[in-house]
Amino acid sequence: MRLLKIQNYIGGSLVAPNSGKYLDNINPAIGEVYSQIPDSDRHDIEQAQQAAEKAKESWAKTPKNKRSEIMMRIADLIDQNLEELAKAESIDNGKPLKLAKAVDIPRASSNMRFFATGILHYSNESHDMDGIAINYTLRKPIGVVGCISPWNLPLYLFTWKIAPALASGNCVVAKPSEVTPMTAYLFSKLCIEAGLPAGVLNIVHGLGSKVGASITSHPKIKAISFTGGTATGKHIASVAAPMFKKLSLELGGKNPNIIFADCDFEKALKTTMHSSFANQGQICLCGSRIFVQRPIYDKFKTAFVDKVSKLKVGNPMDSDSNLGAVVSKEHQEKVMSYVALAQEEGGTILTGGVTVNPGGINEKGYFIRPTVIEGLSFDCRTNQEEIFGPVVTIMPFDTEEEVLTYANSTEYGLAATVWTQDVGKATRMGANLESGIVWVNCWLVRDLRTPFGGVKNSGVGREGGFNAFNFFTESTNVCIAL
Ligand code: TXE
């Protein structure tokens, strides 16, 4: 059977890679190649950058409401194509179809609408100097920017990056993950249908080490917005910083989920099921370290393990599957290596800790049972390193000071969750947790206007709301003597 060959989107057209070479794209739920993606290289990036350069002046001059209209048309087309996009996302990533339909794709159109409308309210500052002079600050688009996105929430994070860049008048050279390219390819067809002018958005598929690296190092791509692993982020920074490029890095996390004895027990239990295992635990915001105050530790642990052991791991297309496949064979092996490490470090597996063979067409897929591990020290490798799979650790604590030490002990600082009904405790934790985001009595409740990003090795800069527009524009302060 002839495999679908994905194409690059450069200068408004769908084109083959210059090399004529392609890479296999695997469906992780069946463990087989189901399509091919361009094995692009720096020549394709050069063409994309030139197409963006050619389009940048007219796009920057396009009135905001016109840019907004085109982006809203793209959002409408995403909604109209929800079924096809959700199925493509589930096949490419391994996540349950119902999750792609409920979260990934609706959020992609929300991202487009949020920034398409946000730009209409993004205003300039002015500073009056008591009649001596008046200052006003212009915010101009940077020009040509690079957006590099990961495989865990493919279209969701791809649009989260490109939407503010486009809305603020930039042209984009974008690279989705080579592991999950399909929805970005389908998205490029929607951009053509919506009438996005040629060269405004260019999507080049291929390997991070070739295509991603070409974007990062291209002298005429003036800003890089990246989401992915901390190690890769570090490398990108080492290339881009000496070139004085603006950098937005959304990296890994090892997020604490802190459950005090005075919590709303049922709500904490129910939400912890999601914050532990949503998207097979492949969300940088997942709470992978669970700390439970001692008076309720045994009760919570028993109830949690019981619920986790009943989760269904299976065909992502089945509506009763709670977890689908993890994204690749390599990732399955990486996650399982941490299960082995946890046992070496003295951990006890309370449930899971094994791969799953759902049988049938999923015989060769990459599945892992949701796993809960107890008995580890807070500072062992399993509790310090990002696993990024359906694996959580659980341990008791007694005091606020103790759990803060545990929570803040890693090199990461992206998101934390706190369960308490005591507002003083909640505010003290919010103030003292080394984290970009703290959710109290909830998880993944997202207002897109809020600053989004991490501290320490979880990243640099903030996405979201006007923070995103500030990143994708340069300011000029004009001071006029009166
Ligand atoms: O990320 P990578 P991967 C974490 C998670 C995961 C690890 C690696 O722990 O196991 O990162 O995942 C492109 N120059 N997160 O392999 O390698 C690459 O092609 C420029 C957390 O997905 O960082 C892809 O498009 N680009 C994260 C993107 O970078 C390069 C979500 C991400 O790939 C490049 C995903 C290079 N040298 C993984 N090398 C989160 N914070 O949500 C790769 N890329």
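Atoms within each ligand, like the ligands themselves, are counted from 1 in listed order.
- The residue among Glu178, Lys254, His331 with a heavy atom at the shortest distance from atom 18 (C) of ligand 1 is Glu178.
- When only non-hydrogen protein atoms are considered, atom 10 (O) of ligand 1 lies nearest to Lys334 NZ, 2.6 Å.
- Within the set Ala174, Ser328, Gly212, the minimum heavy-atom distance to atom 26 (N) of ligand 1 is found for Gly212.
- Numbered from 1 in the order shown, with element, the atoms of ligand 1 that lie under 4.0 Å from a heavy atom of Phe388 read 5 (C), 9 (O), 15 (N), 21 (C), 31 (C), 35 (C), 38 (C).
- A ring-ring contact (aromatic ring centres under 6.0 Å, His included) with Phe115 is found for one member of Phe472, Phe466, Trp160, Phe471 and no other, namely Trp160.
- Each of the following atoms of ligand 1 lies closer than 4.0 Å to a heavy atom of Thr216: 20 (C).
- Looking only at protein heavy atoms, the nearest one to atom 4 (C) of ligand 1 is Glu386 OE1, 3.3 Å.
- Ranking protein heavy atoms by distance to atom 29 (O) of ligand 1, first place goes to Phe226 CE1, 3.1 Å.
- Around atom 40 (C) of ligand 1, the closest heavy atom drawn from Ala240, Gly208, Cys284, Gly459 belongs to Cys284.
- Of the protein's non-hydrogen atoms, the one nearest atom 35 (C) of ligand 1 is Pro150 CB, 3.4 Å.
- When only modelled atom types and interatomic distance are considered, Asp41 and Asn18 share no side-chain donor-acceptor pair under 3.5 Å.
- In terms of protein heavy-atom proximity, atom 37 (N) of ligand 1 is nearest to His235 CD2, 3.4 Å.
- With Lys254 as the partner, the side-chain contact (heavy atoms from CB on, under 4.5 Å) test is satisfied by one option alone out of Gln384, Glu411, Glu385, Arg289: Arg289.
- At a 4.0 Å heavy-atom cut-off, ligand 1 does not touch Gln282 at all.
- A distance of 13.0 Å separates CZ in Arg381 from CG in Asp379, rounded to the nearest 0.5 Å.
- Using modelled atom types and a 3.5 Å distance limit, the side chains of Asp79 and Ser109 yield a donor-acceptor pair.
- Distance alone, capped at 3.5 Å, is enough to place a donor-acceptor pair between the Arg462 side chain and the Gly454 backbone.
- Of the heavy atoms in Leu251, only backbone atoms (N, CA, C, O) come closer than 4.0 Å to ligand 1.
- Near Glu250, with a cut-off below 4.0 Å to any heavy atom, the atoms of ligand 1 are 41 (N).
- The closest protein non-hydrogen atom to atom 13 (C) of ligand 1 is Ile148 CG2, 3.7 Å.
- Taking OG of Ser188 as the start and CG of Leu201 as the end, the distance is 8.0 Å to the nearest 0.5 Å.
- When each atom of ligand 1 is checked for a heavy atom of Ile236 under 4.0 Å away, the hits are 14 (N), 20 (C), 26 (N).
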Chi angles and distances behind the salt bridge (charged side-chain N to carboxylate O under 4.0 Å, His left out) call for Glu53, Lys56: CA-CA 5 Å; Glu53 201 70 33; Lys56 79 175 182 182; 2.8 Å; yes
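- Atoms of ligand 1 found under 4.0 Å from any heavy atom of Ala213, numbered from 1 in the order shown, are 14 (N), 20 (C).
- When the heavy atoms of Ser149, Ser217, Cys286 are ranked by distance to atom 25 (O) of ligand 1, first place goes to Ser149.
- Shortest contact from atom 31 (C) of ligand 1 to any protein heavy atom: Asn152 OD1, 3.4 Å.
- The heavy atom nearest to atom 15 (N) of ligand 1, considering only Ser214, Ser177, Pro154, Gly229, is found in Gly229.
- Tyr34 and Asp92 form a side-chain donor-acceptor contact under 3.5 Å, judged by distance and modelled atom types alone.
- Residue Thr227 has at least one heavy-atom neighbour below 4.0 Å for each of these atoms of ligand 1: 32 (C), 40 (C), 41 (N), 42 (O).
- Taking any N or O of Thr230, backbone or side chain, none lies under 3.5 Å from an N or O belonging to ligand 1.
- For residues 197-213, the set of pairs meeting the side-chain hydrogen bond (donor to acceptor under 3.5 Å, both in side chains) definition, not counting sequence neighbours, comprises Asp39-Lys210.
- Ring centroids of Phe291 and Phe397 are separated by 6.0 Å or more, keeping the two rings apart.
- Taking atom 39 (N) of ligand 1 as the reference point, the nearest protein heavy-atom neighbour is Thr232 CG2, 3.4 Å.
- For Pro176, the closest heavy-atom approach to ligand 1 falls below 4.0 Å.
- Rounding to the nearest 0.5 angstrom, the gap separating the CG atom in Leu23 from the NZ atom in Lys5 is 10.5 Å.
- Residue pairs meeting the salt bridge (charged side-chain N to carboxylate O under 4.0 Å, His left out) criterion with at least one member in residues 326-355, sequence neighbours excluded, do not occur.
- At under 3.5 Å, a nitrogen or oxygen of Trp151, whether backbone or side chain, sits near a nitrogen or oxygen of ligand 1.
- With respect to the salt-bridge test (charged N to carboxylate O, under 4.0 angstrom), the residues Glu89 and Lys101 do not qualify.
- Of the heavy atoms in Ala231, none comes closer than 4.0 Å to ligand 1.
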